*Asks:* 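Encoded as structure tokens, here's the structure I'll be asking about.
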Amino acid sequence: MNRIFDRKIILEDGTEFYGYSFGAKRDALVELVFNTSMVGYQEILSDPSYTAQAVVMTYPLIGNYGMCNEDYETDIPTISGLVVREFNSEPSNFRAARTLEDVMIQYDIVGIAGVDTRRLARHIRDEGTCKALIVDAQTPSIACLAKMRSTALPTNQVSVVSTKSPWISACANPKHRVVAVDCGIKHNIIRSLNARGCEVTIVPWTVTVEEVMAMHPDGLFISNGPGNPEDAKPVIDLVRALRGKLPIFGICLGHQIIALACGASTYKLKFGHRGGNHPVKNLQTGKVEITSQNHSYAVKADSLAGTGLTVTHVNLLDGTVEGQKCAADRIFSVQYHPESAPGPQDSAYLFDEFIAMMEGK
């Protein structure tokens, strides 16, 4: 017996895709993006960079290995929705503690399955990232379009996901003290620093220069996070004030913030970069690294002139800036995720470079 579609996702241009509900049972106005990763739906679901977005998973089977307690990237997921082809509610994995749907219900995350996700991903690729509404299948299209026209997507999402007060992630026999500005930091970034002997103090995005310096850090880290980097003005001002005074390392949103702090500019990509196999060329070594990416914005290459920053990495798919540095000021950043879990691990050496920079090597 064929199931009857009970949900639909309607795009702001009026295109509709029908499917079946799973997860939270509510309507959701979202920014719609796609991710081409074959594994890692738990890390995607719990990545703060997806705040207020619904992710179309192009890999057809999602949920089959459940949710594992050790694999979350944040304690409270803030993603809005998940769009999949086939949803599996009976995982087979000895590490699984819960099902994907259980977690989505707990954190009020909307799901829709049975969708032609490859067609939908092509639509986003061709037309660009867009506003969308996930609703009951019987909801009139006219009402959906009217709601989308009258409702703006949220801005300044960093203020939503950043920690409200400082906290410390300790390690055995710490060698370095790092202050990490939380714009939506992923747990595996903290783990990667801890594994290299860094005691990490995670601070709110509104932290001041005086508060940072009072902690006597060996280095400053600027994290990944959601939204437009221009909305993160307190962090931009912080980096501008501390440039040259501390070793500074940034990832993803942190990369864009560093560029803005140094006088460069950013822009929004048509459909962003989201997946686990983006080729990036390291211009310093000539090697090509396979990287994990999740971002909507990029640094304008021609805006780096006169900033003191030079391009260190480029994306081989579209030529966008993937890395930058100013050796004199001990500052560098990358657009992709060297800490990505699950993999690839090609770029983990960047954390070692940060350690070497703090040691003055």
Side-chain angles (χ1 to χ4, degrees), residues 49 158 178 180-181 183-186 189 192-193 219-225 227-233 235-269 272-273 278-340 346-358 361:
S49 296
V158 170
V178 173
V181 180
C183 300
I185 196 167
K186 294 168 65 178
I189 288 175
S192 297
L193 290 168
L220 179 68
F221 177 80
I222 312 298
S223 84
N224 62 292
N228 187 337
E230 293 181 1
D231 291 340
K233 192 174 186 303
V235 193
I236 296 170
D237 293 340
L238 178 75
V239 173
R240 186 179 292 125
L242 291 178
R243 178 180 180 179
K245 298 179 180 178
L246 285 172
I248 302 176
F249 178 29
I251 287 176
C252 201
L253 184 71
H255 166 78
Q256 300 155 16
I257 287 172
I258 286 173
L260 291 170
C262 293
S265 56
T266 58
Y267 66 101
K268 190 170 186 179
L269 296 164
H273 295 160
H278 286 245
V280 167
K281 185 173 183 179
N282 185 329
L283 301 180
Q284 302 165 110
T285 65
K287 294 182 178 180
V288 175
E289 303 165 18
I290 302 302
T291 69
S292 175
Q293 306 211 5
N294 168 25
H295 60 101
S296 294
Y297 291 81
V299 174
K300 289 184 179 178
D302 56 7
S303 74
L304 290 171
T307 65
L309 295 171
T310 58
V311 178
T312 58
H313 299 73
V314 295
N315 190 303
L316 293 182
L317 298 179
D318 59 11
T320 50
V321 176
E322 293 283 355
Q324 60 193 2
K325 74 173 181 180
C326 176
D329 289 336
R330 299 179 298 167
I331 188 169
F332 74 111
S333 61
V334 289
Q335 182 62 79
Y336 52 92
H337 286 273
E339 85 296 338
S340 58
D346 298 27
S347 307
Y349 68 88
L350 290 163
F351 289 100
D352 299 323
E353 289 191 2
F354 186 42
I355 301 300
M357 185 176 286
M358 289 190 289
K361 297 179 181 178

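Remember, predicted model here, so these are calculated numbers, not experimental data.
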*Asks:* Which residue is it: Ile222, Ile185, Ile189? I am looking for the one with a side-chain contact (heavy atoms from CB on, under 4.5 Å) to Ile251.
*Replies:*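 Of Ile222, Ile185, Ile189, side-chain contact (heavy atoms from CB on, under 4.5 Å) with Ile251 is met by Ile189 alone.
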*Asks:* Could you list the residues that satisfy side-chain hydrogen bond (donor to acceptor under 3.5 Å, both in side chains) with His295, not counting sequence neighbours?
*Replies:*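 Once residues adjacent in sequence are excluded, the partners of His295 under the side-chain hydrogen bond (donor to acceptor under 3.5 Å, both in side chains) criterion are His273, Gln293.
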*Asks:* Quick one: pull up CD1 in Ile248 and CG in Asp329 and give me the separation to the nearest 0.5 Å.
*Replies:*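 Here the interatomic distance stands at 8.5 Å.
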*Asks:* Please walk me through it: do Thr291 and Asp346 pass side-chain contact (heavy atoms from CB on, under 4.5 Å)?
*Replies:* CA-CA 7 Å; Thr291 69; Asp346 298 27; 5.9 Å; no
*Asks:* Of all heavy-atom pairs between Asp237 and Arg240, which one has the smallest distance, and what is that distance?
*Replies:*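 Closest approach of Asp237 to Arg240: OD1-NH1, 3.0 Å.
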*Asks:* Should the pair Phe354 and Phe221 be assigned to parallel (<30°), tilted (30 to 60°) or perpendicular (>60°) ring geometry?
*Replies:*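 Taking Phe221 first and then Phe354, their aromatic rings sit tilted (interplane angle of 30° to 60°).
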*Asks:* Are Lys186 and Glu339 side-chain neighbours, meaning at least one heavy-atom pair lies under 4.5 Å?
*Replies:*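 The answer is yes, as the side chains (C-beta and beyond) meet within the 4.5 Å cut-off.
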*Asks:* Taking the side chain as C-beta and beyond, is there a heavy-atom pair between Leu238 and Val181 under 4.5 Å?
*Replies:*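 With C-beta onward as the side chain, the pair touches.
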*Asks:* When you look at Gln256 and Thr266, which way does the side-chain hydrogen bond (donor to acceptor under 3.5 Å, both in side chains) test go after all the steps?
*Replies:* CA-CA 7 Å; Gln256 300 155 16; Thr266 58; 5.9 Å; no
*Asks:* Decide whether Asn282 and Tyr349 meet the rule of one side-chain donor and one side-chain acceptor closer than 3.5 Å.
*Replies:*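 Yes, side-chain donor-acceptor contact under 3.5 Å.
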*Asks:* Report the C-alpha separation of His313 and Val280 in whole Å, then their side-chain angles, then the decisive distance to 0.1 Å, and conclude whether the side-chain contact (heavy atoms from CB on, under 4.5 Å) test is met.
*Replies:* CA-CA 6 Å; His313 299 73; Val280 167; 3.6 Å; yes
*Asks:* Using modelled atom types only, decide if a donor and an acceptor are shared between the side chain of Ser223 and the backbone of Cys183 within a distance under 3.5 Å.
*Replies:*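 Checked: pair present.
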*Asks:* How long is the straight-line distance from CD1 of Ile355 back to CG of Leu350, given to the nearest 0.5 Å?
*Replies:*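 Output value for this atom pair is 12.0 Å.
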*Asks:* Grab the two heavy atoms, one from Asn224 and one from His337, that are nearest each other, plus how far apart they are.
*Replies:*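 Of all heavy-atom pairs spanning Asn224 and His337, the closest is CB-CE1, 3.7 Å.
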*Asks:* Between Gly225 and Leu253, what is the shortest heavy-atom contact and its length?
*Replies:*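 For Gly225 and Leu253, the tightest heavy-atom pair comes out as N-CB, 3.5 Å.
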*Asks:* Answer with yes or no after comparing the ring centroid distance for Tyr267 and Tyr297 against a 6.0 Å cut-off, counting only values under it.
*Replies:*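 Distance test on ring centres: not under 6.0 Å, no.
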*Asks:* Taking side chain as C-beta onward, heavy atoms only, is Glu289 less than 4.5 Å from Pro279?
*Replies:*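 The answer is no; the side chains never approach within 4.5 Å.
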*Asks:* Passes side-chain hydrogen bond (donor to acceptor under 3.5 Å, both in side chains), Thr312 versus Gln284? Steps please.
*Replies:* CA-CA 6 Å; Thr312 58; Gln284 302 165 110; 4.5 Å; no
*Asks:* With sequence neighbours excluded, what pairs up with Lys245 under the side-chain hydrogen bond (donor to acceptor under 3.5 Å, both in side chains) test?
*Replies:*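 Expected list: none.
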*Asks:* Say you draw a straight line from CG of Leu304 to OG1 of Thr310; how long is it, rounded to the nearest 0.5 Å?
*Replies:*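 Leu304 CG to Thr310 OG1: 8.5 Å, rounded to 0.5 Å.
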*Asks:* Of Val321, Ile331, Val299, which is the lone residue that meets side-chain contact (heavy atoms from CB on, under 4.5 Å) with Leu309?
*Replies:*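 Among Val321, Ile331, Val299, the one meeting side-chain contact (heavy atoms from CB on, under 4.5 Å) with Leu309 is Ile331.
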*Asks:* What I'd like to find out is whether the side chain of Leu260 reaches to under 4.5 Å of the side chain of Glu230, using heavy atoms alone.
*Replies:*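 Side chain of Leu260 against side chain of Glu230, heavy atoms only: contact under 4.5 Å found.
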*Asks:* Roughly how far, to the nearest 0.5 Å, is CG of Asn294 from OG of Ser49?
*Replies:*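 That separation rounds to 5.0 Å.
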*Asks:* Report the distance from atom CD of Gln335 to atom NE2 of His278, rounding to the nearest 0.5 Å.
*Replies:*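 One finds 11.0 Å between CD of Gln335 and NE2 of His278.
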*Asks:* Could you tell me whether a side-chain N or O of Ser303 sits under 3.5 Å from a main-chain N or O of Ser265, the two making a donor and an acceptor?
*Replies:*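 Such a contact is found between Ser303 side chain and Ser265 backbone.
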*Asks:* Can you tell me how far the CZ atom of Phe332 sits from the CE atom of Met357, to the nearest 0.5 Å?
*Replies:*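 The CE atom of Met357 is 5.0 Å from CZ of Phe332, to the nearest 0.5 Å.
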*Asks:* Minimum heavy-atom separation for Pro338 and Phe351, please, with both atom names.
*Replies:*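 For Pro338 and Phe351, the tightest heavy-atom pair comes out as CG-CE1, 3.9 Å.
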*Asks:* Using the side-chain contact (heavy atoms from CB on, under 4.5 Å) rule, take Tyr336 and Ser347 through it: C-alpha gap first, then chi angles, then the decisive distance, then the call.
*Replies:* CA-CA 9 Å; Tyr336 52 92; Ser347 307; 3.2 Å; yes
